[in-house]
Amino acid sequence: MKNQKAENQIKLHLEDGKLNLAFSVFIDAYQQNIYWQIRRFTTFHDDANDILQEVLIKIWQALPKFRWDSALSSWVYKITLNESLNHLRKNKNHLHQLSANEYKNQLMADVFFDGDEVELKLQAAIASLPEKQRLVFIYKYYQDIKYEELAEILGGTIGSLKASYHHAVKKIEDFVNSN
Amino acid sequence: MHQSTMFSLHDHKTKSTKQPFKVPEGYFDQNKTNVLITLGNKLSPKIIRFNAKNIAYFAVAASIMLFVFIFNFSDANKHFTIENQQITLVDIPEEYLEEIDLIEISSLSNKPDTVDIEKIEYLIHQDISLELIAENL
């Protein structure tokens, strides 16, 4: 997600007091990444859209106060993660409490899902993981985030994150191969 | 033969190019427009940056205000002092003078050398001793 050129532009616009311009650059550079991160957590477009709006409002409000002593991308990841988890925890009937078959049925009925049978199984397998393993897997597998940055976002040691990813991969492959 | 059908995440990642999740047509552009309009209109936070340029502006403004304040205060004070100095017995109406005692006369008079002789005569006529007049003027 890191985009140095965009970060520099955002910083310059903020120093000039041009928040709208800074935020416009921010959206161009980060909106799609944020959305896809949320979509991987929540599966459905409507949920992802709701959370995206919340994340963008939070960032709009906090961006002028952002201290540039850490990467903007890590900060954005953290806000996105917190908003996504808050949303999922508030929603008592969220997807990760469904059985694998219920989850697959809902996914097949979604007009914004266009995956084959293997993809259906893969998504069901990811949804069945414990929260920590699911988060580590999504960040690592789909967004290829380094463990150092992942430790900053999720907490924990690099060793424990590697172990979580390893367990997640094993569980997913077992799930897909056995279903 | 069985091995070739086994699912592997590594293989899936390298072979699969198709994104299974979709978004509505033009979603990101539309969302950007909506977000900028909504946030720009309703939630504009204030940005206060204390950079060198802003601090310089504040310093210049504060100096000008301080200068104007000191100048006005000094000028008003000067006029006030001059007016005070001009108060003498000459300016005090006779009717009023009759009613006030000498201590009050002395407190109003700070320029005894300009006191009108007629006023002193008047005070003498009022049976006020010269000693008291001299002592208090």
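Only heavy atoms go into these numbers, but all of them, side chains included; no hydrogens, no water, no symmetry mates. Convention: sequence-line order gives letters A, B, ...; per-chain numbering from 1.
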Inset, instruction - Indicate, with yes or no, if I51(A) and I57(A) share a hydrophobic cluster defined by side-chain heavy-atom contacts under 4.5 Å among Ile, Leu, Val, Met, Phe, Trp and Tyr. - result: yes

Inset, instruction - Output the distance between atom CG (L122(A)) and atom CG (L9(B)), rounded to the nearest 0.5 Å. - result: 6.0 Å

Legend entry - F21(B) vs T43(A) side-chain heavy atoms within contact, under 4.5 Å: yes

Legend entry - Single-linkage hydrophobic cluster W60(A)~L12(A), side-chain heavy atoms < 4.5 angstrom: no

Inset, instruction - Could you tell me which portion of V23(B) (side chain, backbone, both or neither) has an atom closer than 4.5 angstrom to a non-hydrogen atom of chain A? - result: both

Inset, instruction - Write down the atom of R40(A), the atom of Q19(B), and the distance for their closest heavy-atom approach. - result: NH2-OE1, 3.4 Å

Legend entry - Which atoms of N34(B) approach chain A - backbone, side chain, both or neither, heavy atom under 4.5 Å: neither

Legend entry - Audit row: N49(A), Y27(B), side-chain hydrogen bond (donor to acceptor under 3.5 Å, both in side chains) steps and yes/no: CA-CA 10 Å; N49(A) 180 51; Y27(B) 168 70; 2.6 Å; yes

Inset, instruction - Might you point out which heavy atoms bring L56(A) and L39(B) nearest each other, and give the distance in Å? - result: O-CD1, 4.2 Å

Inset, instruction - Please tell me if the side chains of V35(B) and F23(A) come closer than 4.5 Å, counting only heavy atoms from C-beta onward. - result: yes

Inset, instruction - Would you check if the side chain of N177(A) reaches a backbone N or O of F7(B) as a donor-acceptor pair within less than 3.5 Å? - result: yes

Inset, instruction - Give a yes or no answer on whether the side chain of Q31(A) reaches the backbone of F28(B) with a donor-acceptor pair at less than 3.5 Å. - result: yes

Legend entry - Euclidean distance, D114(A) CG relative to K22(B) NZ, rounded to 0.5 Å: 5.0 Å

Legend entry - Main-chain N/O of Y141(A) paired with K13(B) side-chain donor or acceptor, under 3.5 Å: yes

Inset, instruction - Would you check if Q53(A) and N31(B) make a side-chain contact, meaning some heavy-atom pair closer than 4.5 Å? - result: yes

Inset, instruction - Against chain B, label L107(A) side chain, backbone, both or neither, depending on which of its atoms sit under 4.5 Å from a heavy atom there. - result: side chain

Legend entry - F26(A), part contacting chain B, at a heavy-atom distance under 4.5 Å: neither

Inset, instruction - State yes or no: do L21(A) and L19(A) share one hydrophobic cluster built from I, L, V, M, F, W and Y residues joined by side-chain heavy-atom distances below 4.5 Å, directly or via other members? - result: no

Inset, instruction - Establish whether V68(B) and V60(B) are linked, either directly or via other cluster members, by ILVMFWY side-chain heavy-atom contacts under 4.5 Å. - result: yes

Legend entry - Cluster check L52(A), F112(A): I/L/V/M/F/W/Y, side chain < 4.5 angstrom: no

Inset, instruction - Check H10(B) against E173(A) and note the closest heavy-atom contact, atom names and distance. - result: N-OE2, 4.4 Å

